[in-house]
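Everything below concerns the one structure shown next.
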Amino acid sequence: MCGIAGIIRSFETSDIDTVKIALRHRGPDRQSSFKKKEFCFIHSLLKIMDLSDQSLQPMIDDKTGNVIIFNGSIYNYKDLKRNYFQNEKFKSKTDTEILLKMYQKFGLNFLNYLKGMYAFALFDKEKNKIFIFRDKFGIKPLFYFSKLKFFIFASEIKILLKNKIVKNSIEVNYKKVLEFIANRHLNGASSTLIKNIKTLNPGNFIEYDLNLKKFEIFEFDFKKNQNQKYSKENNYNFEDVFKESLNYLSITEHKKIACLLSGGLDSSLLSIVLNSQNNDKEIHTFSSILNQPNIENKNVHRLVEDYKFNQHFISEDSINFFEDHLKTIKDIDQPTPDASSTLHNVLCRKVAENGFKVLFTGNGGDENFFGYPLHAYGYLANLLQRGQFTKYFNKLFHFKKLYKNKNIFLRSLKELISINVLNTIKSYQIKSRINHLNIDMNKYSINFYEKLSNDIFNNIVLNYNSHWGLQSFLDYEDKNSMAYGIECRVPFLYDDIEEFSLNTNLDLHFESGPKSILRNHQKMPNYIKNKPKFAFAANLQGYLIKDKKKIKEKIYYDFKDIPMIDNKKLIKLQEEPSNNDSFFRTYSYGIWYNNNFKN
């Protein structure tokens, strides 16, 4: 895990030095650069796979002259080395060097062989082109800015903003700000909160032609594994797939691995299995504990006792939320939709303080195994659409045990309504959440649902993966962990696990409720198996009450001339507990605006 950046066309030595300093937190082991007349590559190294100096980047292929800067981990790199380069000499033990070899052998098709998370840039000397790639899940971030013949890219927006050309050109993307305050949407569809800074979409790559001085963006056509190891015809169960996947993800030269434990399905199963097979690693778990824990949070102490975890805690009262929230917004380059990203930042700090460099999380479990309530509603709606009424009512009865406080019948019927009507209904909710802002709503069209598939269930899956949640979760996990020099790994988004999920009949995914594949894992404790999903343990309301005076003073003294914010309306909104979410997102936006446009 590292930090990368590159500038094409217009740069000076001082620009390179400035970026190196800005990248240092992502790779404290070494900052290096590669420079030619037309471009420069900058890299900040966090040693994970190879702890020697042979892992330094930018890395140059001695045969071709190709150059690479890489952020991420290729978990199957040893397999690739064994399968395709048995007779070749390597100067390092890194996955980075394998990427250079794979590109030389397979060209752009080399992406089909990679299993892992990545964002990297590769200079092809013969073609005089630069290729910039991002993994298909979007686990590793990549942002870019272009203006006329100037082009710059980096792992984080704050790095781009260190460049004078970028800093003097930025504008607020008001439509994205409204989407954030109304719907908590931050990432998706390449746009960011800054109008002229873009994110490279998952699975896309940039091809920059240095001769023509222009670039194009392509979506890579990832081919399914030709072996179809986990196809329906092969008798694989999830226990086998998960165990084998964790063997790959545990590959690191570091001897200790940290794992976040919330007490829910994903993190509990991950911690249990990881701890049981340990792969010669010392496994420790890290949790935040609420003063008034929910059902999931209560599970943490019982799990620690039952499985003898090496456990570390942060308590609700031990956190200086006001200051930690300000730091989190700086670290992740974005406003925070709730308290969970701040708690995650504090947990990452504790992980680093205890000497860990690799951190596992349960992110992606809900997306790959359909754990959100809306997944269940969409599945039920599909059953109705196909006329499978007996199965529908059987599932409805079963799901009610998990969702006791939700009207599953009406919610499933709602998903049968057309996307346009659903967005119209949602627009009334949106207006109520942003009526404290100084904005002409008629200027902006904000949709909650995007039409990404004609299939009801698949459309919900694609919305979650593209802009409802996953991309934002991955983004803040990366920035929070890298703020403390930690590599964050997400096993539930490993390629083999995705392949298994896609090749599993949808009815099996919902056999005993959402995420049945995880619930039915033989190591899943019964006291977790049949419990509903809860959000990350973070008491936003408690923090807002505790820090009420400080927050009010922050608004009064610092929120001067922030677009869309009326200070009096915002302070009034602070007095309305039912509007805590809208208030907090607006307050977070104000802090973010000051960080980027005034400081």
Side-chain angles (χ1 to χ4, degrees), residues 238 242 246 257-276 283-319 338-351 354 356 359-373 375 401-405 469 473 476-477 480-481 488-492 512-543:
F238 179 67
F242 197 48
L246 287 181
I257 290 176
C259 186
L260 295 188
L261 174 63
S262 70
L265 285 168
D266 309 327
S267 66
S268 298
L269 181 62
L270 175 58
S271 299
I272 291 166
V273 178
L274 192 63
N275 193 56
S276 67
I283 310 299
H284 289 238
T285 53
F286 290 77
S287 306
S288 66
I289 302 298
L290 298 172
N291 291 343
Q292 296 181 328
N294 59 31
I295 294 173
E296 280 192 0
N297 209 220
K298 289 177 181 177
N299 291 334
V300 172
H301 290 295
R302 186 170 179 183
L303 285 163
V304 170
E305 184 178 337
D306 289 351
Y307 295 95
K308 312 302 179 187
F309 291 146
N310 297 305
Q311 177 67 8
H312 307 258
F313 298 102
I314 59 170
S315 65
E316 183 178 329
D317 291 337
S318 70
I319 297 164
D338 51 38
S340 61
S341 48
T342 299
L343 269 291
H344 182 272
N345 186 287
V346 176
L347 278 168
C348 287
R349 182 169 69 219
K350 190 170 184 67
V351 169
N354 282 272
F356 291 84
L359 171 65
F360 280 55
T361 79
N363 214 337
D366 285 311
E367 287 76 16
N368 255 342
F369 293 97
F370 317 128
Y372 295 110
H375 284 132
K401 296 177 183 178
L402 289 172
Y403 300 122
K404 295 178 182 178
N405 298 323
F473 301 151
Y476 83 63
E477 276 202 343
N480 277 339
S481 60
C488 194
R489 295 184 172 183
V490 281
F492 288 110
S512 53
K515 286 205 287 199
S516 290
I517 303 297
L518 302 193
R519 292 179 191 277
N520 295 332
H521 191 289
Q522 61 182 355
K523 289 186 180 294
M524 183 68 77
N526 286 328
Y527 54 87
I528 293 176
K529 185 175 184 177
N530 297 312
K531 294 294 189 292
K533 175 181 174 56
F534 284 82
F536 189 96
N539 181 12
L540 176 60
Q541 183 175 359
Y543 292 127

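Quick caveat: nothing in here was measured; it's all calculated off a predicted structure.
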Glu316 versus Ser288, side-chain donor and acceptor atoms under 3.5 Å: no
Side-chain touch Phe369/His375, heavy atoms, less than 4.5 angstrom: no
Step-by-step side chain to side chain contact (heavy atoms under 4.5 Å, CB included) determination, Phe313 to Lys350: CA-CA 9 Å; Phe313 298 102; Lys350 190 170 184 67; 5.8 Å; no
N/O donor-acceptor pair under 3.5 Å between Asn368 side chain and Phe492 backbone: yes
Leu270 side chain reached by Phe242 side chain, heavy atoms, under 4.5 Å: yes
Asn275 side, atom CG; Ile283 side, atom CD1 - distance, nearest 0.5 Å: 6.5 Å
Side chain to side chain contact (heavy atoms under 4.5 Å, CB included) evaluation trace for Leu518 with Phe238: CA-CA 8 Å; Leu518 302 193; Phe238 179 67; 3.4 Å; yes
Aromatic centroids of Phe309 and His284 separated by under 6.0 Å: no
Rounded distance [0.5 Å steps], OG in Ser481 versus CZ in Arg349: 14.5 Å
Min side-chain heavy-atom separation Ser267-Leu260 under 4.5 Å: no
Test side chain to side chain contact (heavy atoms under 4.5 Å, CB included) applied to Leu303 and Ser268, step by step: CA-CA 8 Å; Leu303 285 163; Ser268 298; 3.3 Å; yes
Ser341 side chain reached by Phe473 side chain, heavy atoms, under 4.5 Å: no
Phe286 and His312 aromatic ring geometry - parallel, tilted or perpendicular at 30°/60° bounds: parallel
Pair Asp317, Ser315: side-chain N/O donor-acceptor within cut-off below 3.5 Å: no
Close side-chain approach of Arg489 and Thr361, heavy atoms under 4.5 Å: no
Under 3.5 Å: donor-acceptor pair, side chain of Ser318, backbone of Ile314: no
